[in-house]
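Remember, predicted model here, so these are calculated numbers, not experimental data.
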Amino acid sequence: MAKVRSAQPCGCPVAAFQKMISGKYKLRIVWDLKGGPRRYGEIRTGLLRGSDGSAEIAPRVLSRELKALTETGLIDRKDFGVVPPKVEYRLTRKGRSFVPVIAAIRDWGARHLAQAGAGEMPGRVGG
C-alpha cells in the first residue's frame with residue numbers, strides 16, 4: 001500500500017504556517033485589514049503608526065509583503081483600472097479566519113508586556 005503524502009509542502013503545519021507569515025509586516029497588515037479594504041497608502045500609514053526606530057518603510061518591501069500575502073490567499077488585490085491608479089487590498093475568507101489567531105497573539109503579547117513592565121524583563125519592547 002502506498003504512503004499518502006502530506007498536503008503541506010514541508011510536511012509540518014507549524015513550519016508551513018511560519019513560512020506563510022514570515023516577514024516584518026505581514027501580521028500587522030492582516031490585522032489592519034480586519035476593519036475593511038485599504039489602499040496602499042493607508043496600509044503604509046497604519047504600519048508607520050506603530051513603528052519603532054525608522055519612520056520609513058521601503059515601498060519595495062511593502063509591495064513584496066502585499067504580493068506574498070496575495071499569493072498565500074490571505075488578502076485580495078483589486079485594481080480598479082483607472083488613472084491615477086486605484087488599488088485596494090482586502091482580507092479573503094482565509095484571511096478573515098486568521099484574524100482571531102492574530103488577536104490571540106496580541107492578547108498574549110499584552111499580558112507578556114504587562115509582566116515585563118513589572119520588572120521581569122529589562123529594556124522596553126515596542127509593539
Tyr25 side chain to Val61 main-chain N or O, any donor-acceptor pair under 3.5 Å?
-> no

Please confirm whether the backbone N or O of Met20 pairs with a side-chain atom of Thr72, one donor and one acceptor, at under 3.5 Å?
-> no

Would you compute the distance between atom [atom1] of [X] and atom [atom2] of [Y] and round it to the nearest 0.5 angstrom?
X: Trp108; Y: Leu113; atom1: CH2; atom2: CG; value: 8.0 Å
X: Lys78; Y: Lys86; atom1: NZ; atom2: NZ; value: 8.0 Å
X: Lys26; Y: Arg64; atom1: NZ; atom2: CZ; value: 8.0 Å

Looking at [X] and [Y], what are the two nearest heavy atoms and their distance?
X: Ile102; Y: Leu27; value: CD1-O, 3.7 Å
X: Val101; Y: Phe17; value: CG1-CZ, 4.4 Å
X: Ile75; Y: Thr92; value: C-CG2, 3.6 Å
X: Ser63; Y: Tyr40; value: OG-CE1, 3.7 Å
X: Glu42; Y: Arg38; value: OE1-CA, 3.3 Å
X: Arg44; Y: Leu62; value: CB-CD2, 3.7 Å

Compare all side-chain heavy atoms of [X] with those of [Y] and state whether any distance is below 4.5 angstrom.
X: Leu74; Y: Leu91; result: no
X: Leu69; Y: Leu33; result: no
X: Ile43; Y: Tyr89; result: yes
X: Val30; Y: Arg28; result: no

Any ion pair linking Glu65 and Lys67 (charged N to carboxylate O, less than 4.0 Å)?
-> no

